[in-house]
*Asks:* 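Right, I'll just put the structure down here and ask away after.
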Amino acid sequence: MLMYRLLWDPLPDTLPAPARRRFSWLRDLAAAMTASTAPMSEQEEQERVNRRVSRGAIQALVREAYRAAVAEQDSEHRPPAAFTQAWHAHLAALLDQGSPDLDGWGPITITGGDTDLAWSLFGLASRARQDAIDHATAALSRRVDRGQAVPNFEFSIVSEGEPLGDVTYGTCESCGVGLLYKIGFPDDWQFCGLGRLALSQLEARHPDLTWYTTGQSRHARGFYDRYRQGSASPWTARQHPCPHFD
Ligand SMILES: [Zn+2]
């Protein structure tokens, strides 16, 4: 996942600027993230290490701002554009501190060049997040055994070949019902429309079923209630679909 690599992996010495054409930009960036370097003298190597450390500190700031925005999702429920704004605001606040003190890094002294790096990394990572969301798709359903008479399935919502979250459900064709057991996305990918994408796939894959959910939490109920209103398939708030799920 490019966004995670930009925030957590060692940064290359130069980052390509975002390009208009997505694919060449992603390819250049992915290549830069894995580029090997030519042999160096000891002094060159030391300079490179120092540069890496200072770039790592700036990366830690961008990551810290990202984590702060993710931590607020439980209460703020920000869709992607608003999430990016919140991430931006957290980064601006950290840079404004002059020498922000991060766990594991101590006070980080920020120069003008560091500010440029912070903002260009933020620009790349926030765009990579948006790209991951825009290109998320549902993988094929696979059978899972939950020890029930009815068949059970799961599938993932994937982007860049990696799962962003999973859906688990069962179906009873003879009674015409489907039961959604669990739809789970980590906080990083909440409120991005991916739950909606997952539920629409359930309907598309099993178009003749009435859907039940086991979602009991307040957030989950609100989500299902909103989804049901806009869905052409029948969804019900009742809890017990048919005896075959026992
Ligand atoms: Zn049944």
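Just so you know, ligand 1 is whichever comes first in the structure, and atom 1 is the first atom listed for that ligand. The chain is numbered in sequence order, starting from 1. Small disclaimer: the values here were computed from a predicted structure and weren't measured.
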*Asks:* State which residues pass ring-ring contact (aromatic ring centres under 6.0 Å, His included) with Phe153; sequence neighbours excluded, sorted by chain then number.
*Replies:*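 Scan of Phe153 (ring-ring contact (aromatic ring centres under 6.0 Å, His included), adjacent residues dropped) gives Tyr169, His206.
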*Asks:* Please determine whether the number of non-hydrogen atoms from other residues, nucleotides or ligands lying under 6.0 Å from atom CG of Asp103 exceeds 12.
*Replies:* no
*Asks:* Answer whether the closest heavy-atom distance between the side chains of Leu124 and Leu15 falls below 4.5 Å.
*Replies:*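 The answer is yes; the side chains approach within 4.5 Å.
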*Asks:* Please report the shortest heavy-atom distance between Trp189 and Ile133, naming the atom on each side.
*Replies:*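 Of all heavy-atom pairs spanning Trp189 and Ile133, the closest is CZ3-CG1, 3.8 Å.
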*Asks:* Determine which pairs satisfy side-chain hydrogen bond (donor to acceptor under 3.5 Å, both in side chains) with at least one residue from residues 60-72, sequence neighbours left out, and list them in order.
*Replies:*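 Residue pairs with at least one partner in residues 60-72: Tyr66-Asp188, Glu72-Arg78, Glu72-His90.
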*Asks:* Name all residues meeting the side-chain contact (heavy atoms from CB on, under 4.5 Å) criterion together with Thr115; count only those two or more places apart in sequence or in a different chain, and write none if there are none.
*Replies:* Leu95, Ile110, Trp119
*Asks:* Listing residue and atom name, which protein N/O/S atoms are closer to the Zn ion (ligand 1) than 2.8 Å?
*Replies:* Cys172 SG, Cys175 SG, Cys242 SG, His244 ND1
